[in-house]
Structure formats: structure tokens, C-alpha cells
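Numbers here are sequence positions counted from 1. Values below: every heavy atom of this structure, side chains too, minus hydrogens, waters and symmetry copies.
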Amino acid sequence: MKRRTLAGSCGVGVFVIAFLGVCIAFGTPSWLVSDYRITGAKLDRLGLWTHCFRSLPDINDDYQRRFFVGCRWIYDPFTTGYDQIRGFLLPPFMIATQFFFTLTFIGILVSLVLVLLFFLCAGPDQKRFVLLIRVIGFLLLGCCVCGSIAVIVFACFGNRGKWMPDHANNWFGWSFVVAVVGVVASGIASALFLTESHVQARKREQLKESQSRFELEHETKA
């Protein structure tokens with residue numbers, strides 16, 4: 001029996017795209033970006049965990065004497081007043097996006113370990129080979145579902161008014177595009193691995209049937 005079929009080999013290749021897409025999107029701050037042609041824009045760019053502002057006024061400062069400039073981690077404990085606007089920076093839809101995309105990120109990391117086992121170590125002669133492939137397939141399917149929820153929620157609410165300033169001049173950035181590519185690729189990889197598990201299970205059944213037939217013929221001749 002072959003160690004992998006075409007579906008399994010393609011699944012590994014597409015998984016690499018999914019892994020890179022999810023990891024890059026998870027850590028880069030360009031989910032929403034301001035139009036670079038607008039010189040007076042308050043927002044520069046933002047991601048799941050980092051916000052970059054050109055000159056964001058503190059919404060809690062009635063006299064507009066405090067402005068946030070530069071890039072900061074969303075949970076930055078050192079910048080005066082930054083923790084007080086965290087409720088503004090993290091509305092419910094943003095928390096939902098972070099939560100579901102974090103699940104996607106964790107799932108893709110676990111999948112990496114299993115895919116390496118499938119690619120480097122496991123073979124059809126091992127007892128749980130089909131189970132391993134099936135687990136990878138369903139795990140990637142879960143990544144696709146959670147990632148889809150995250151990008152859909154962000155797409156629906158991320159650039160609406162009453163959140164980031166100058167929303168008419170903001171665009172979904174390349175990190176968001178990479179996230180969508182990673183999520184779609186994880187769904188395709190899931191389908192390929194589930195197909196591979198089905199093919200390997202059928203091959204195993206056919207091998208058992210041929211062995212049983214051979215033993216029966218050998219006993220009959222004897």
C-alpha cells in the first residue's frame with residue numbers, strides 16, 4: 001500500500017498554506033488599515049492584538065489633551081489612559097473575532113503536529129493510521145468553522161461607523177485577506193484529508209479481503 005495518495009499529498013500542501021495564513025494573520029496588525037492618502041487620519045492600522053494610531057484622542061478626556069500615537073499591544077499596561085479606552089478598542093464583536101480566531105490558531109498548531117506525524121512517521125501498516133488522518137481532517141474542519149465565524153464577524157462589523165474614526169477612509173488590510181485565505185485553505189485541506197482517510201480505509205478493507213481470500217484458497221488446495 002502507498003503511504004499517501006494524491007489527496008493526502010495535496011492535503012499536506014494546502015495545509016502549509018492554511019498554517020502560514022492563519023499564523024501570519026494572527027500576529028500581524030493589518031486587519032483594518034487607513035487609506036494612506038489621507039494625511040489627517042487618526043487610525044494607521046489595527047490587528048487582533050495590536051493597534052497603531054497616528055493621533056487618536058482619548059475619548060475619556062473632555063479637554064482633548066491626551067492623544068495616542070504609535071503601535072501598542074491591546075493589553076499594554078504601561079501607557080497612561082490606554083487601559084481606560086480598552087472598552088472602546090474591544091467591542092463585543094472584536095472579542096468574538098479574537099476568541100474564534102484564537103481557537104483557529106490553536107487548532108492549526110495541533111494540526112501541524114499531527115500532519116508532521118502523518119507526513120514523516122505514520123504509514124498504512126500502522127493500526128491507527130486511518131484514525132490519525134480522520135482526526136486531522138475533522139480538526140481542520142473545526143479550524144475552518146471557527147475561522148469563518150471570526151472573519152465573517154469582523155467583515156460585518158469591523159468597518160462600521162461609531163467604532164474606529166474615519167471609517168469611510170478605512171479598508172480591510174492584507175492581514176484580513178491572509179486570514180480569509182488561511183481559513184479557506186484549512187477547509188480545502190480538511191476535505192482532502194477526509195478523502196484520504198476514506199481511500200486508506202477502503203484500501204485496508206480490500207487488503208484484508210484479498211488476504212482472507214488467499215488464505216481460503218490455500219486451505220482449499222491443502
Engineer: Could you report the tightest heavy-atom contact between F26 and W49, atom names first, then the distance?
Structural biologist: O-CD1, 3.3 Å
Engineer: State which residues pass side chain to side chain donor-acceptor pair (under 3.5 Å) with S148; sequence neighbours excluded, sorted by chain then number.
Structural biologist: none
Engineer: Between C143 and T104, is a side chain to side chain contact (heavy atoms under 4.5 Å, CB included) present by the stated rule, with each step listed?
Structural biologist: CA-CA 5 Å; C143 292; T104 304; 4.1 Å; yes
Engineer: Would you find a donor on one side and an acceptor on the other, under 3.5 Å apart, between the side chain of W31 and the backbone of A25?
Structural biologist: yes
Engineer: Mind checking what makes side chain to side chain contact (heavy atoms under 4.5 Å, CB included) contact with L89, not counting sequence neighbours?
Structural biologist: H51, F53, I74, Y82, I85, M164
Engineer: Hydrophobic cluster membership, with links at side-chain heavy-atom distances under 4.5 Å among I/L/V/M/F/W/Y: are V177 and V151 in one?
Structural biologist: no
Engineer: Could you state the interatomic distance from OG1 (T50) to CG (D76), rounded to the nearest 0.5 Å?
Structural biologist: 10.0 Å
Engineer: Could you see if L6 belongs to whatever hydrophobic cluster contains V16? Use Ile, Leu, Val, Met, Phe, Trp, Tyr and a side-chain cutoff under 4.5 Å.
Structural biologist: no
Engineer: Between L140 and I108, is there a side-chain heavy-atom distance shorter than 4.5 Å?
Structural biologist: yes
Engineer: Are V181 and V33 connected, step by step, through hydrophobic side chains (Ile, Leu, Val, Met, Phe, Trp, Tyr) whose heavy atoms are closer than 4.5 Å?
Structural biologist: no
Engineer: Kindly give the heavy-atom pair with the smallest separation between W163 and M94, and that separation in Å.
Structural biologist: CH2-SD, 4.1 Å
Engineer: Kindly give the heavy-atom pair with the smallest separation between Q98 and T102, and that separation in Å.
Structural biologist: O-OG1, 2.6 Å
Engineer: Hey, what do you get for CZ (F193) to SG (C10), rounding to the nearest 0.5 Å?
Structural biologist: 10.0 Å
Engineer: Check side chain to side chain contact (heavy atoms under 4.5 Å, CB included) between T28 and all other residues, then give those that pass, not counting sequence neighbours.
Structural biologist: I24, W174, S175
Engineer: So which atom in I17 and which in A185 form the shortest heavy-atom distance, rounded to 0.1 Å?
Structural biologist: CG2-CB, 4.1 Å
Engineer: Same cluster or not: L132 versus L120, using hydrophobic residues (I, L, V, M, F, W, Y) connected whenever any side-chain heavy atoms lie under 4.5 Å apart?
Structural biologist: yes
Engineer: Provide the closest heavy-atom pair for I95 versus L90 in the form atom of the first, atom of the second, distance.
Structural biologist: CD1-O, 3.7 Å
Engineer: Rounded to the nearest 0.5 Å, what's the gap from OG on S111 to CD1 on I106? Could you check?
Structural biologist: 11.5 Å
Engineer: In this structure, which one of L117, L116, L112 forms a side-chain contact (heavy atoms from CB on, under 4.5 Å) with L114?
Structural biologist: L117
Engineer: Determine whether F19 and L109 make a side-chain contact, defined as any pair of heavy atoms from C-beta on separated by less than 4.5 Å.
Structural biologist: yes
Engineer: Got a second to check how far E196's CD is from R134's CZ, nearest 0.5 Å?
Structural biologist: 11.5 Å
Engineer: Atom CG in L46, atom CZ in F176: separation rounded to 0.5 Å?
Structural biologist: 12.0 Å
Engineer: Holding to disulfide bond (SG atoms under 2.5 Å apart), I want the full list of residues that pass it with C23, two or more places apart in sequence or in another chain.
Structural biologist: none
Engineer: For V130 and I133, run side chain to side chain contact (heavy atoms under 4.5 Å, CB included): C-alpha distance rounded to whole Å, both residues' side-chain angles, the deciding distance at 0.1 Å, then the answer.
Structural biologist: CA-CA 5 Å; V130 176; I133 305 172; 5.6 Å; no
Engineer: Is L192 reachable from L131 through a run of I, L, V, M, F, W or Y residues, each pair having side-chain heavy atoms under 4.5 Å apart?
Structural biologist: yes
Engineer: Who pairs with C52 by disulfide bond (SG atoms under 2.5 Å apart), at least two apart in sequence or on another chain?
Structural biologist: C71
Engineer: Tracing side-chain links under 4.5 Å among I, L, V, M, F, W and Y, which residues wind up in one group with L141?
Structural biologist: F138, L194
Engineer: Applying side chain to side chain contact (heavy atoms under 4.5 Å, CB included) to V183 and F101, what does each step give before you reach the verdict?
Structural biologist: CA-CA 10 Å; V183 169; F101 209 78; 4.2 Å; yes
Engineer: What I'd like to find out is whether the side chain of F118 reaches to under 4.5 Å of the side chain of F15, using heavy atoms alone.
Structural biologist: no
Engineer: For a quick test of reading the model, state the closest non-hydrogen atom pair linking Q200 to F129 and the distance between them.
Structural biologist: CD-CE2, 3.7 Å
Engineer: Look up atom CG in L32 and atom CZ in F154, then write down how far apart they are to the nearest 0.5 Å.
Structural biologist: 5.0 Å
Engineer: Are the side chain of T97 and the backbone of F93 linked by a donor-acceptor contact shorter than 3.5 Å?
Structural biologist: yes
